[in-house]
Amino acid sequence: MFTGLMLNTWIAATAVAVIAGVTGFFAVLRGSTFAAHAIPNGAFAGAAGATLLGFNPLAGLAVFSVAGALGIAGLSRRARSDVATALTFVLMLGIGALFVSWSTEYAQEAYALLFGEVFGVAQDEVVPIVVLGAVSIAAIVVMFRPLLLSSALPEVAAARGVSARRMELAFLIVMALATSMTVPVVGALLMFSLMIGPAAAARALTARPGLAMALSVVIALVTVWVGIVVSYQTNWPLGFFVGVAGGVFFLGGQAYAAARRRLAVRVA
């Protein structure tokens with residue numbers, strides 16, 4: 001289980017879990033969960049186009065993910081954020097449908113991109129995934145303080161000269177890079193659960209930002225690692241276990257938060 005292609009699986013899945021936990025924390029904190037869902041699903045069009053042209057699908061994912069982030073940020077200036085995200089999502093899906101219609105041999109690749117193919121991660125795919133993950137983490141570290149301030153206290157951030165639009169654009173681009181590397185592992189449809197489930201559970205467990213981010217990463221790692229082992233043993237898709245685990249962790253976090261509130265009321 002830890003040799004050959006499976007070693008690629010463990011490396012890629014670990015990198016994906018770390019970046020999903022970090023970016024997911026800010027996505028939940030900023031209320032950008034819809035964008036976290038729309039960008040990787042819309043970027044599916046880029047992978048389809050890259051495959052048709054004979055390029056690496058990961059390159060197409062990255063290009064369309066960044067284009068989607070720029071589209072959401074640009075349209076948000078003239079429309080509500082959710083409307084801008086929906087319009088960008090629909091446009092990218094339409095382009096993806098067109099690309100798929102031009103190919104009669106795309107069914108297997110499309111299924112892999114939508115639902116992931118973690119046990120089929122090749123050696124040449126590991127390096128781009130790790131590099132994109134490192135770039136995303138580095139970007140989050142650089143802008144951590146202003147991003148955290150604009151996410152939690154936007155009025156205070158504005159008073160201190162932190163541009164909300166610039167922070168939104170920067171975060172969307174980072175999230176685009178992060179999601180573009182997660183798609184080949186857990187899939188465009190189920191990446192959302194890995195990014196949002198652990199982060200939402202962590203937010204329910206603690207209000208301290210640093211601890212919540214660390215817990216988000218830990219929960220994402222546990223989700224992926226346990227999912228790989230069980231998927232390997234049962235031959236069931238990893239995406240199923242990732243989706244279920246994300247929901248279980250979130251419900252567990254909510255139950256813990258509710259119990260803590262009831263205990264506080266009784267003590268008071």
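Residue indices begin at 1 and follow the sequence shown. Note that these values count all heavy atoms, side chains included, but never hydrogens, waters or copies made by symmetry.
Put simply, the side chain of Val226 does not reach to within 4.5 Å of the side chain of Phe241, judged on heavy atoms. Side-chain atoms of Leu147 and Phe171, non-hydrogen and from C-beta on, do get closer than 4.5 Å to each other. Side-chain contact between Glu168 and Ser76 is absent, with no heavy-atom pair separated by less than 4.5 Å. Two residues are said to be in side-chain contact when any heavy atoms from C-beta on lie closer than 4.5 Å; Phe144 and Met213 meet this criterion. Two residues are said to be in side-chain contact when any heavy atoms from C-beta on lie closer than 4.5 Å; Trp225 and Thr14 meet this criterion. Using a 4.5 Å heavy-atom cutoff, the side chains of Met143 and Val174 are in contact. Contact check for Phe25 versus Val217: no side-chain heavy atoms found under the 4.5 Å cut-off. In this structure, Ile95 and Met92 have side chains that are not in contact, with every pair of non-hydrogen atoms separated by 4.5 Å or more.
Residues Ile19 and Trp10 are members of one and the same hydrophobic cluster, defined by side-chain heavy-atom contacts under 4.5 angstrom among Ile, Leu, Val, Met, Phe, Trp and Tyr. Follow the hydrophobic side-chain contacts under 4.5 Å out from Val244 and you reach Val230 in the same cluster. Placement of Leu75 and Met167 in two distinct hydrophobic clusters is found when ILVMFWY residues are connected by side-chain heavy-atom separations under 4.5 Å, directly or transitively. Following chains of ILVMFWY side-chain contacts shorter than 4.5 Å, one cannot reach Leu211 starting from Phe250, and the two form parts of different hydrophobic clusters. Follow the hydrophobic side-chain contacts under 4.5 Å out from Leu221 and you reach Leu194 in the same cluster.
When all heavy atoms are compared, the tightest approach of Ser32 to Met175 is O-CE, 4.3 Å. Considering all non-hydrogen atoms of both residues, Leu149 and Arg160 come closest at CD2-CD, 3.9 Å. Taking both residues in full, the closest heavy atoms of Val130 and Ala15 are given as CG2-CB, 4.5 Å, listed atom of the first, atom of the second, then distance. Residues Ile39 and Ala176 share a closest heavy-atom pair of CG2-CA, 4.0 Å. What you find for Ala69 and Leu172 is that their closest heavy atoms are CB-O, 3.4 Å. Closest approach of Ala212 to Ala202, counting heavy atoms only: O-CB, 3.2 Å.
Phe34 and Phe89 have perpendicular rings, their planes meeting at more than 60° on a 0 to 90° scale where under 30° would count as parallel.
Note that CG of Leu98 is 12.5 Å distant from CG of Leu93, once rounded to the nearest 0.5 Å. Considering CG of Leu177 and OG1 of Thr23, their distance stands at 10.5 Å, rounded to 0.5 Å. Distance OG/Ser81 to CD1/Ile72: 7.5 Å, rounded to 0.5 Å. Atom-to-atom distance recorded for Phe249:CZ and Ile196:CD1 is 15.5 Å, nearest 0.5 angstrom. One finds the CG atom of Leu169 at 4.0 Å from the CD1 atom of Ile173 (value rounded to the nearest 0.5 Å).
Evaluation of the side chain to side chain donor-acceptor pair (under 3.5 Å) test over residues 130-156, restricted to residues two or more places apart or in two chains, returns Arg30-Ser150, Arg30-Ser151.
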